Amino acid sequence: MFSMRFLLLFVSLVSASGLCAQSTVKGSVVTADGEPAVYATVSLYDSATNEVIKAVSTDLAGSFELTTEVSAFGLSVSYLGFAERRILDLTPSNGLIDLGRIELHKDTKLLDEVVVKGEKSSVEFKLDKRVFNVGKDLNARGGNALNVLENVPSVQVDVEGNVSLRGTENVRILINGRPNGLVGDNGKGLRALTADLIDKIEVITNPSARYEAEGTGGVINIVLKKKRSQGLNGSFNVIAGLPESYGGAVNLNYRSGNLNWFTNYGLNYRNRIGQRGVVQDLFIVEGVKRSDQTGRLDRSGLNHNFRLGVDY
């Protein structure tokens, strides 16, 4: 009987000791204007190891309550858009710590500067045409006008350099809004026009009378670059690639007031290797005979382009 009483007394003492070692922390979190900080994160951390012991979120009234058995601890409160609030070395009184209202302040930082950059869209839809800005298109670097046209939607370029628009080859090609000798001769002139000289491609599927393109499938207008800075300006480009592709371009212009002198010279060598085949079925009385033909197609050449002009 004595041992049973001793055991019960021992269990009661241990339980009372465990209850005394447990501490409760409560309070409410509000912003600087007195509004409750809903779902703010409140964490208790061990002062010795700085590790998080327990964490809860505040309720709709901004209130929270935490319990811990650690003797030395601190508390931190974090809320989106507000500076973190830390309370160090909390000491419980009779196992309870009531922190009352914990006020948070907005996390403001002074910016050094704000830089806003705008870039022209690669495709612009206008009332009577679609404009494709070549600009920084990496596919056009080191190529020629035909390479640029290959990347324009609804425009097709075959292996011989013939240009078609939406499937029809009856298309009028202009340079700076005017007819140009570079367009003829199966695209050889367009191969000589380096892509670095092109500013944008205008595709007009329903041309008006101003383009004198009645009866055609549309108009493709290649707009070349024109420098606008005062004084002497220039750029030099050198390209090399595989399969064999070498070239360079020099762009110079001198502008004084409203008068602008400009000149461009481009040099391009490209070697394209391809393969083509033809299969023929010959129907005769005795049966069918098939003839297969395959061949190698090498297209290479050195192209030059020179332009000199003045505008006002």
Side-chain angles (χ1 to χ4, degrees), residues 115-158 161-168 171-180 182-183 187 189-208 210-211 213 216-230 233-239 241 245 247-253 255 258 260-268 270 303 305-312:
V115 179
V116 179
K117 291 185 178 180
E119 290 190 3
K120 188 185 295 184
S121 174
S122 58
V123 182
E124 298 179 38
F125 294 92
K126 298 187 177 181
L127 185 62
D128 60 339
K129 58 190 172 184
R130 288 175 294 167
V131 180
F132 300 90
N133 297 298
V134 178
K136 299 180 181 179
D137 187 2
L138 294 179
N139 294 322
R141 296 291 177 89
N144 52 47
L146 289 179
N147 303 133
V148 176
L149 290 174
E150 287 174 350
N151 296 318
V152 175
S154 72
V155 176
Q156 298 84 35
V157 181
D158 62 18
N162 298 311
V163 180
S164 60
L165 177 61
R166 297 191 301 180
T168 177
V171 57
R172 185 178 177 88
I173 301 178
L174 306 175
I175 296 181
N176 288 337
R178 298 178 178 86
N180 194 291
L182 290 174
V183 177
L190 293 179
R191 288 194 183 98
L193 183 62
T194 58
D196 292 327
L197 303 179
I198 301 175
D199 181 35
K200 57 187 176 182
I201 304 291
E202 297 177 345
V203 177
I204 307 166
T205 54
N206 295 306
S208 61
R210 59 173 292 203
Y211 294 102
T216 67
V219 171
I220 299 175
N221 183 30
I222 302 174
V223 181
L224 304 181
K225 295 178 181 178
K226 292 181 181 179
K227 298 293 183 180
R228 292 298 179 188
S229 301
Q230 296 290 330
N233 303 274
S235 65
F236 303 88
N237 301 286
V238 178
I239 61 101
S245 177
V250 179
N251 307 307
L252 296 173
N253 86 290
R255 185 175 185 85
N258 292 325
N260 180 52
W261 296 84
F262 56 89
T263 181
N264 311 100
Y265 174 72
L267 175 69
N268 184 277
R270 178 164 293 192
N303 302 301
N305 175 59
F306 177 75
R307 187 169 68 112
L308 176 66
V310 60
D311 58 33
Y312 179 81

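What you see is a predicted model, and the numbers here were worked out from it, not measured in a lab.
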Here the pair of heavy atoms bringing Ile220 nearest to Val163 is CD1-CG1, 3.9 Å
Exactly one of Asn221, Leu165, Ile222 clears side chain to side chain contact (heavy atoms under 4.5 Å, CB included) with Ile173, and that residue is Ile222
Exercise. Go through the steps to decide whether Ile198 and Leu224 satisfy the test side-chain contact (heavy atoms from CB on, under 4.5 Å), and finish with yes or no.
Key: CA-CA 4 Å; Ile198 301 175; Leu224 304 181; 4.2 Å; yes
Would you confirm whether Asp199, through its side chain, and Val223, through its main-chain N or O, come within 3.5 Å as a donor-acceptor pair?
no
With sequence neighbours left out, the residues meeting side-chain hydrogen bond (donor to acceptor under 3.5 Å, both in side chains) with Arg130 are Ser154
Minimal heavy-atom distance between Arg166 and Gln156, with the atoms involved, is N-OE1, 3.7 Å
Given the options Leu149, Val131, Val152, Val203 meets side chain to side chain contact (heavy atoms under 4.5 Å, CB included) only with Val152
